[in-house]
Amino acid sequence: MAANGLPENSTYALEKLRGLLGSDNLESDGKLPTERSLSDMFGVSRRAIRRALEVLEAEGRIWRRQGSGTYAGQRPDDWSQHVGSLIAGTNLMEIMEVRLRIEPQLAQLAAMRAKSDDIDRMYELTKKIFASGDADSRELWDGALHRLIAQSAGNQFFLTIFDVINHVRQDEAWQTIRELARNTNRTRPVTYAQHVAIIDAIAARNPMGAAEAMRQHLLVLQESLIRVTSLDAQYPEKELAGELK
């Protein structure tokens, strides 16, 4: 028994933490609650939580960022800290060209390797995207869906490349242009149907169908972005901003 009266059952804490990592109850970025919150949540001492986290870190199930917290998954490569400078030297059209060549392949691999639990979560994320009421929320869940597909492909190097591309979603300009594309071209219902088609193909273990569904989805997005950037050249910035309200 710890000084605070809570049991020091590290094995129990480890079991509960494994369950948490396998659930959908983490934040979208994979961040775990604080040690104190986990202690209260599971009814064990913080020392037991800390020991269990050490085991999970040794297994590569979690990683820690000093001053920020603990996150599910493997620690990002050190070079990913410099992704911002890479993104600054590109633009949305270049990003779309790369996405069109990488994400269909990821969907194809996901159709061969995705677990049933991952597929169920893909469907849930698609619903969350469609139900989101603001641009920030839509970007958040859309990014989570596409990353889950990439993760389900089971290729760590591919996933690392995807994360570099996906980093551009953090840029406010990207969110603004994408949301304007949705509103101007009314693509939200189309996007929902396309997401479902991608996941249906993955669930059916149809690699070529999944790849083609992803390609068609990204082509529609690319076309919408081209239209919006052309619109941006024709109308003042204030008028475009008004479209987003």
Side-chain angles (χ1 to χ4, degrees), residues 21 26-31 59-65 68 71-115 117-119 121-122 125-126 129 138-175 177-178 181 191 194-195 197-199 201-202 205-226 229:
L21 291 175
L26 295 177
E27 296 182 21
S28 59
D29 60 357
K31 186 175 182 179
E59 293 177 351
R61 297 288 305 280
I62 63 169
W63 63 281
R64 308 184 194 211
R65 178 186 294 158
S68 177
Y71 297 82
Q74 295 183 337
R75 179 182 298 276
D77 296 329
D78 292 339
W79 66 268
S80 64
Q81 299 175 6
H82 306 290
V83 168
S85 61
L86 296 175
I87 297 301
T90 187
N91 57 60
L92 293 178
M93 292 303 108
E94 288 184 352
I95 291 292
M96 287 307 305
E97 288 178 0
V98 176
R99 290 187 68 184
L100 271 163
R101 282 150 184 82
I102 289 180
E103 291 196 53
Q105 302 303 316
L106 290 169
Q108 181 175 337
L109 290 172
M112 295 186 285
R113 300 171 180 171
K115 299 176 182 178
D117 289 347
D118 289 334
I119 294 172
R121 191 175 172 212
M122 290 176 196
L125 289 172
T126 296
I129 297 166
R138 276 188 286 274
E139 285 298 316
L140 183 71
W141 293 117
D142 189 73
L145 171 62
H146 281 265
R147 192 183 192 281
L148 180 56
I149 293 172
Q151 186 175 344
S152 298
N155 185 309
Q156 185 59 43
F157 188 61
F158 248 150
L159 181 60
T160 301
I161 296 173
F162 173 86
D163 281 339
V164 173
I165 300 168
N166 203 39
H167 188 81
V168 77
R169 290 177 181 273
Q170 299 176 18
D171 188 88
E172 291 184 4
W174 167 257
Q175 289 192 10
I177 294 174
R178 272 180 59 100
T191 297
Q194 289 177 336
H195 280 158
I198 294 167
I199 303 167
I202 292 173
R205 305 302 178 186
N206 181 354
M208 298 307 296
E212 180 59 21
M214 179 65 80
R215 191 179 75 86
Q216 290 299 325
H217 169 56
L218 294 175
L219 282 173
V220 169
L221 174 58
Q222 183 184 51
E223 182 180 356
S224 296
L225 291 173
I226 290 173
T229 52

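Predicted model only: the values in this text are computed from it and were never measured. All residue numbers in this chain count up from 1 along the given sequence.
In this structure, Arg99 and Leu221 approach most closely via the heavy-atom pair NH1-CD2, 3.7 Å. Closest approach of Met214 to Pro104, counting heavy atoms only: CG-N, 3.7 Å. Here the shortest heavy-atom pairing between Lys31 and Leu26 reads O-CD2, 4.0 Å. The heavy-atom pair separating Ala201 from Ala111 by the smallest distance is O-CB, 4.3 Å. Across all their heavy atoms, Ala110 and Ile202 have their closest contact at O-CG2, 3.7 Å. The nearest pair of heavy atoms linking Ala72 to Trp63 is O-NE1, 3.8 Å.
From Gln108, atom CD reaches atom CZ of Arg215 across 12.5 Å, with rounding to the nearest 0.5 Å. With values rounded to the nearest 0.5 angstrom, Asn155 atom CG is found 6.5 Å from Leu109 atom CG. Annotation: the span from Thr191 atom OG1 to Arg138 atom CZ amounts to 10.0 Å, rounded to 0.5 Å. Atoms CG and CD, on Leu218 and Glu223 in that order, are 13.0 Å from each other to the nearest 0.5 Å. One finds the CD1 atom of Ile119 at 6.0 Å from the CE atom of Met122 (value rounded to the nearest 0.5 Å). Interatomic distance, Leu106 CG to Phe158 CZ, rounded to the nearest 0.5 Å: 5.5 Å.
The aromatic rings of His146 and His217 lie parallel to each other, their planes meeting at an angle below 30°, with 60° marking the opposite boundary.
For Arg64, the salt bridge (charged side-chain N to carboxylate O under 4.0 Å, His left out) criterion is met by Glu35, Glu57, not counting sequence neighbours. For Arg147, the side-chain hydrogen bond (donor to acceptor under 3.5 Å, both in side chains) test picks out Gln151, Asp163, with sequence neighbours left out.
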For side-chain contact (heavy atoms from CB on, under 4.5 Å), just list the numbers for Gln156 and Leu159, CA-CA rounded to whole Å, side-chain angles, deciding distance to a tenth of an Å, and then say yes or no. CA-CA 5 Å; Gln156 185 59 43; Leu159 181 60; 4.1 Å; yes

Passes side-chain contact (heavy atoms from CB on, under 4.5 Å), Leu125 versus His195? Steps please. CA-CA 10 Å; Leu125 289 172; His195 280 158; over 6 Å; no

One pair to check against side-chain contact (heavy atoms from CB on, under 4.5 Å): Met96 and Ile226. What are the steps and the verdict? CA-CA 10 Å; Met96 287 307 305; Ile226 290 173; over 6 Å; no

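Judged by distance alone, with hydrogens and angles left aside, the side-chain atoms of Arg113 form no donor-acceptor pair with the main-chain N or O of Ser152 at under 3.5 Å.
Within the 4.5 Å cutoff, side-chain heavy atoms of Ile199 are placed close to those of Leu145. By the 4.5 Å heavy-atom criterion applied to side chains, Leu219 and Gln216 are counted as neighbours.
Atom CE of Met112 is surrounded by more than 12 heavy atoms from other residues, nucleotides or ligands within 6.0 Å.
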